2 protein chains.
Amino acid sequence: MENEGLSLSQERRRLKPGRHVIISLRRMIAEGTLRPGERIAEIATAEALGVSRMPVRTALRALEAEGLVEKLGARGYAPRAISATDVTGAIEVRGVLEGLAARRLAARGLTVAEEARFAQCLAEGAAIFAKGTLDRGDLDRFHDYNLAFHTLIVEASGNPSIGRALSRNDSLPFASATALTLEQEPPTEFAHLQAAHEQHVAVLAAIRRMDPEAAERAMREHALAALGSERLFRRFSREEITVSP
Amino acid sequence: MENEGLSLSQERRRLKPGRHVIISLRRMIAEGTLRPGERIAEIATAEALGVSRMPVRTALRALEAEGLVEKLGARGYAPRAISATDVTGAIEVRGVLEGLAARRLAARGLTVAEEARFAQCLAEGAAIFAKGTLDRGDLDRFHDYNLAFHTLIVEASGNPSIGRALSRNDSLPFASATALTLEQEPPTEFAHLQAAHEQHVAVLAAIRRMDPEAAERAMREHALAALGSERLFRRFSREEITVSP
DNA sequence: TAGGCTGTTATTGGATCCAATAATCTCCCT
DNA sequence: AGGGAGATTATTGGATCCAATAACAGCCTA
């Protein structure tokens, strides 16, 4: 096979070695180094990444569960072609799941601790847009803020199934988003990002006034709005971000 | 460890050997043979099932992803305690996901082929209740019919992410349902089953008249109604049913 | 010449072996 | 006697080996 872009193997330092395999594979798929339909053989991939076949097997199984690769009978695996409707579908799913979380939250009301965390989170978001322009660092800040808000909603919902379902679902749009990002260096889409922030505000408002219907609706609309600005999700997966602690 | 109820190992004939491991483990967890908190060591489990450690490892990873077991650091795995709120949560998730599927279907309308399949499916359902009583065989028929209906909705929705999210999510309520079933031999809950069937009819009606809101609402209500009669799901997982062909 | 059958080969899945690691137990020190 | 540190042991994770299997090509036959 002799895949070219395998200098990633140098990245596998720190952390358990096995985790790097799945992260590397995700990135290679997202970046297009491994293109859809192209075979991924365990042996070739293993020696390309300088590791045994075992972690590769594990990783491929996991990626198959995530829907990023598919098994080609006894001829290995291949990245699934991620179509626009795939991304749309995954975002739709994200919408209803997070919508459910928001609904639950609105139905039972926020605890004071949660209220504080949300307030702090949204304040961080507001701060990003305070000066009217965005630089590169602000994009990172926005991403962290955005992830924090969504995580907060899901965690606080008190229904662990939601988070589980999301973790499987999300890698797909994240991957495609990363691919998109690479070809066109992300312009600072101030308007899009600010709209997203305002949608967060709307969601929280509905939760605060304990209006489940409105909360769910706002959350869904927020998800669908993300369709227009998918490339903003530069990072790769929840796991890769939250892996440090 | 010397687990007692391991005569299951005799069941692993036919099919690839590895699949039997995960299915056996699911059943043992659901039946309570492996109780929550009780350690599942790879080695002990492997020799108990008469197989190598490798399939056990694979199976435990998968079960962890499904949320049926949790990892105890370097001390193996253990079945997660499935609480009532866990089941409620999973069913809630099922509701919004299948609700989304129904909404999509209602929004775009049924093709003639789909219309025929749905009609045939519901006719099968109606036939079950025609004679006014249920025997044991009718319960099996109802289960097949019920699964067929739900599968049809999800498949026809045209959003594969929904099915993926569901397949992870569903094992939890299925497992708990199985556990429930074992202690109280299922009475023929005619009323509950018939109500479920009528909810199917309502969902399909909303889809036919292309009313997305109503379709989603009906589907959600159907899911929640299942909470009252969870024990009706005697079978174990989608996989175990659809494994034969 | 086309289709099917068979032998070969490549590749996954399972088993076993070894290393890294974390938990537990014991012993010593305070 | 209690706590902490170290050694020991049990257990997972990774590597390697072997078997089963499916794909492929070549040949033979109709």
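Residue numbers begin at 1 in each chain, while the letters A, B, ... track the order of the sequences. None of the values given here were measured: they were computed from a predicted structure. Just the heavy atoms: all of them, side chains too, but no hydrogens, waters or symmetry mates, feed the values below.
Contact between the side-chain N/O atoms of B:Ser52 and the OP1/OP2 oxygens of C:dA15 is found at a separation under 4.0 Å.
The CD atom of A:Glu64 sits 14 Å away from the C1' atom of C:dG13 (whole-angstrom rounding). Taking atom CD1 of residue B:Ile22 and atom P of nucleotide C:dG13, one finds them 14 Å apart after rounding to whole Å. Rounded to a whole Å, the CE atom of A:Met54 is 17 Å from the P atom of C:dA20. Taking atom CG of B:Leu49 as the reference point, atom C1' of C:dG14 lies 14 Å away to the nearest angstrom.
Remark: A:Tyr145 engages A:His197, A:His200 in a side-chain hydrogen bond (donor to acceptor under 3.5 Å, both in side chains) (not counting sequence neighbours). Listed by chain and number, the residues in a side chain to side chain contact (heavy atoms under 4.5 Å, CB included) with B:Gln120 amount to none (sequence neighbours excluded). Considering only residues two or more places apart in sequence or on other chains, B:Leu152 meets the side chain to side chain contact (heavy atoms under 4.5 Å, CB included) condition with B:Arg117, B:Phe118, B:Cys121. Applying the side chain to side chain contact (heavy atoms under 4.5 Å, CB included) rule to A:Arg108 yields the partners A:Leu105, A:Thr111, A:Glu114, A:Ala156; only residues at least two apart in sequence or on another chain are considered.
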For nucleotides 6-12 of chain D, give me every protein contact, N/O to N/O, under 3.5 Å, one pair per line with atom names.
{"from": "D:dT11", "atom 1": "OP1", "to": "B:Arg39", "atom 2": "NH2", "distance (Å)": "3.2"}
{"from": "D:dT12", "atom 1": "OP1", "to": "B:Glu42", "atom 2": "N", "distance (Å)": "3.2"}
{"from": "D:dT12", "atom 1": "OP2", "to": "B:Glu42", "atom 2": "N", "distance (Å)": "3.4"}

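Put simply, CD1 on B:Ile29 and CD on B:Glu38 are 10.5 Å apart, with the number rounded to the nearest 0.5 Å.
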Check residues 48-58 of chain A and write down every donor-acceptor pair under 3.5 Å in which the side-chain atom is one partner and the other belongs to a residue at least two apart or another chain.
{"from": "A:Ser52", "atom 1": "OG", "to": "A:Met54", "atom 2": "N", "distance (Å)": "3.3"}
{"from": "A:Arg53", "atom 1": "NE", "to": "A:Glu42", "atom 2": "OE1", "distance (Å)": "3.0"}
{"from": "A:Arg53", "atom 1": "NH2", "to": "A:Glu42", "atom 2": "OE1", "distance (Å)": "2.8"}
{"from": "A:Thr58", "atom 1": "OG1", "to": "A:Met54", "atom 2": "O", "distance (Å)": "3.0"}

